[in-house]
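The next block holds one structure in the form of C-alpha cells; read it before the comments.
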Amino acid sequence: MPPETNSNSLSAFESLESEVRSYSRSFPVVFGKAAGAILEDEKGSKFIDFLSGAGVLNYGHNDTDLLNGLIKYLQSNGIVHGLDMATSAKREFMERFDAILLRPRGLTYKFQFPGPTGANAVEAALKLARKATGRNTVISFTNGFHGVSLGALAVTGNRYYRDAAGLPLVGVVFMPYDGYFGADQDTSEYLDKVLSDASSGVDLPAAIILETVQGEGGINSASKEWLQSVERLCRKHGILLIVDDIQAGCGRTGSFFSFDFAGLSPDIIVLSKSLSGFGLPLSLLLLKPELDVWQPGEHNGTFRGNNLALVTATAALQKYWTDEKLSQGVLEKGRIISERLRQMAQNSRDHRLSVRGRGMMLGLDCGTGKLAGKIARKAFEGGLIVERCGAEDQVIKLLPPLTIDGETLRRGLDILEISVHQVSKMTS
Ligand code: PLP
C-alpha cells in the first residue's frame, strides 16, 4: 500500500524527487487542476498564472476547444505514437501551418520534427548549420539561453547552467547582444568588424543563433534595426541565421513569429513550448529548402512529431491564427501590462526598478535578485505565480496566457503592485 498523501504536502517531493527540482521550490504547494489563467492547488486555493509553463501555455491551461478536439481524436483511435511515420495528423499540421502562417508571409520552409524538447530542436539546428556550411563554430550572444543539453548549453551564456556540463563546451563564440554596453553602442557594428577582419581571431561561423527577446536571459529585447543589421551581416559573410523562437514565438510578442516586426527571413527557425498550444511536447525546425542536406534518420529520436501535440497544434492554428483577434489582444494587453509596470516602478521607493520587453513578454527589472525574489515570494503569498530571470534572477518575468481576460489580468497586476509596494516599504 502506498503511504497516504496529505493534501498540499511536499514531503513526497522532498524525499523522492531529485534535488534538481526547481519550480516546486518557488511555488511550494501541490497543484491539482488548472483552467485558463488559473492554477488550483490540492486544497482548492487558486493562483493567477503569470508563468504559463515558462511560455508553454500561451492559450492558457486546458483550452476547451483544443481539449475537445484531442478527446475526439483519441476516441477515434487516432495514432498516438508513430515514430516519424507519415500520419494524417502530421500532414494536416504541416499543410495548415504552411497555409496559415508561411505562405501569407511569402516564406518557404521545410519542416523537421526533432525530439520534443526545445533543446533537442536547438541541437538539430546547430548540427544542420555545421553540416550545411562545413564550418565548426557558431556565434551566440551574451545572456542567450537555448537549453541545457551539451550542444544547446554551449550556446547558452549563463555560468550556473554551463558549470553543470562536466565537459568543455566548445564550438561557440559569444558576442555582445543588443544593448549589452548600453543604448548608445551598436554591438552589431562590432560583430561586423570582427567578421570582416581576417585577423580578428574570430573564425567565420556556420551560424549566428539568437532570440529576438531573451527570455531566461532577462527579457532583453533586440531592436528592429539591430536584428536587421545582424541579418544583413549574415548575408554579407555567408553565415546562416538561426532564430530561436522557442519562448518568444507563437504569438508572445504579438505576431506569430517574434521577428515579424523586423521582416527577417531566418535560414532556420526553432519552435517549441507553445507550439502544441496545449502543453503537449512538440518541437519544430523550419529550414530553408536548400539547407535540407540531412541523410535519412541522421538526426532522429523516438518521440519525433508527437501526434497528440500535432492535433492540438493544428486546432490552435485554426482557432487563433486565422484572424487578427489574438494578435491585437496581445498588443493591447501588452500595453496595459507595461503601463502598470511603469507605474509600479515610478511609485516604488526603490529607484532601481525598470520595465523591459515587448508584447506580452515583459519584465520588471528589480536591480538585484534579492529584491526580485522577495517580490515574487510576496506575490505568491497573495495568489500570483511569477518567475524570475536574468543573470542574477533580478527580473520578474511576466508571461500571462495571451488569452487572459481583462479582469484576471487586472487582479494579477494588483497583486504584483501590492507586493512591490510592501517589499519596497520593508527594504527602504
Ligand atoms: N530556447 C529558448 C529560447 C528557451 O527559452 C528554452 C527554454 O526555456 C529552450 C531553448 C530550451 O527548451 P527546453 O527546456 O524545452 O529544452
Side-chain angles (χ1 to χ4, degrees), residues 20-23 26 51-58 112-127 129 138 140-158 160-162 164-165 169 172 174 177-178 207-222 227 241-253 256-259 266 268-286 299 301 303-306 309 313 357-363 386-391 393 395 397-399:
V20 80
R21 66 194 190 280
S22 58
Y23 289 107
S26 310
L51 168 59
S52 299
V56 170
L57 298 159
N58 279 2
Q112 180 186 350
F113 298 92
T117 64
N120 194 257
V122 170
E123 296 287 344
L126 298 174
K127 278 166 69 177
V138 167
S140 184
F141 291 99
T142 49
N143 285 305
F145 182 90
H146 301 283
V148 296
S149 57
L150 289 179
L153 190 54
V155 289
T156 288
N158 192 304
Y160 177 76
Y161 301 115
R162 294 177 67 84
L169 295 169
V172 60
F174 280 88
Y177 191 69
D178 192 16
I208 291 181
I209 184 166
L210 59 84
E211 300 155 86
T212 70
V213 183
Q214 296 183 321
E216 300 310 299
I219 312 290
N220 310 310
S221 47
L227 290 167
L241 176 62
I242 304 173
V243 173
D244 177 346
D245 231 5
I246 287 174
Q247 190 161 156
C250 300
R252 183 47 65 186
T253 62
F256 187 86
F257 297 112
S258 71
F259 53 81
I268 303 176
I269 303 164
V270 193
L271 292 167
S272 183
K273 290 207 191 262
S274 273
L275 182 61
S276 81
F278 198 69
L280 294 169
L282 180 66
S283 286
L284 174 66
L285 255 74
L286 296 169
H299 187 86
F303 290 106
R304 278 171 291 166
N306 173 352
R358 181 156 83 73
M360 283 177 78
M361 189 161 182
L362 293 162
V386 275
E387 184 193 19
R388 292 183 295 143
C389 61
D393 274 346
V395 179
K397 178 159 76 163
L398 281 82
L399 296 178

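All ligand and atom numbering here is 1-based and tracks the order in the structure.
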Item to complete: Go through the side-chain N and O atoms of Tyr23 and Glu387 and say whether any donor and acceptor fall under 3.5 Å apart.
Response: yes
Worksheet item: Which residue holds the protein heavy atom closest to atom 13 (P) of ligand 1, what is that atom called, and what is the gap in Å?
Response: Gly118 N, 3.5 Å
Worksheet entry | N/O donor-acceptor pair under 3.5 Å between Ser276 side chain and Phe278 backbone | yes
Discussion item. Starting from atom 1 (N) of ligand 1, what is the nearest protein heavy atom, named by residue and atom, and what distance separates them?
Written reply: Asp244 OD2, 2.6 Å
Worksheet item: Can you list the ligand 1 atoms lying under 4.0 Å from a non-hydrogen atom of Glu211?
Response: 3 (C)
Worksheet item: So, for Gln247 and Gly215, which heavy atoms are closest and what is the spacing to 0.1 Å?
Response: OE1-CA, 3.8 Å
Discussion item. Taking a cutoff of less than 4.0 Å between a non-hydrogen atom of the residue and any ligand atom, is Lys273 in contact with ligand 1?
Written reply: yes
Fill in: Closest to atom 16 (O) of ligand 1 (judged by heavy-atom distance), picking from Gly53, Gly55, Ala119
Ala119
Practice prompt. Report yes if Gln247 has an N/O atom closer than 3.5 Å to an N/O atom of ligand 1; otherwise report no.
Written response: yes
Fill in: Nearest non-hydrogen partners of Val148 and Ala152, listed with the distance
N-CB, 4.4 Å
Worksheet item: Among Val155, Leu241, Asp178, whose side chain to side chain contact (heavy atoms under 4.5 Å, CB included) with Leu210 holds?
Response: Leu241
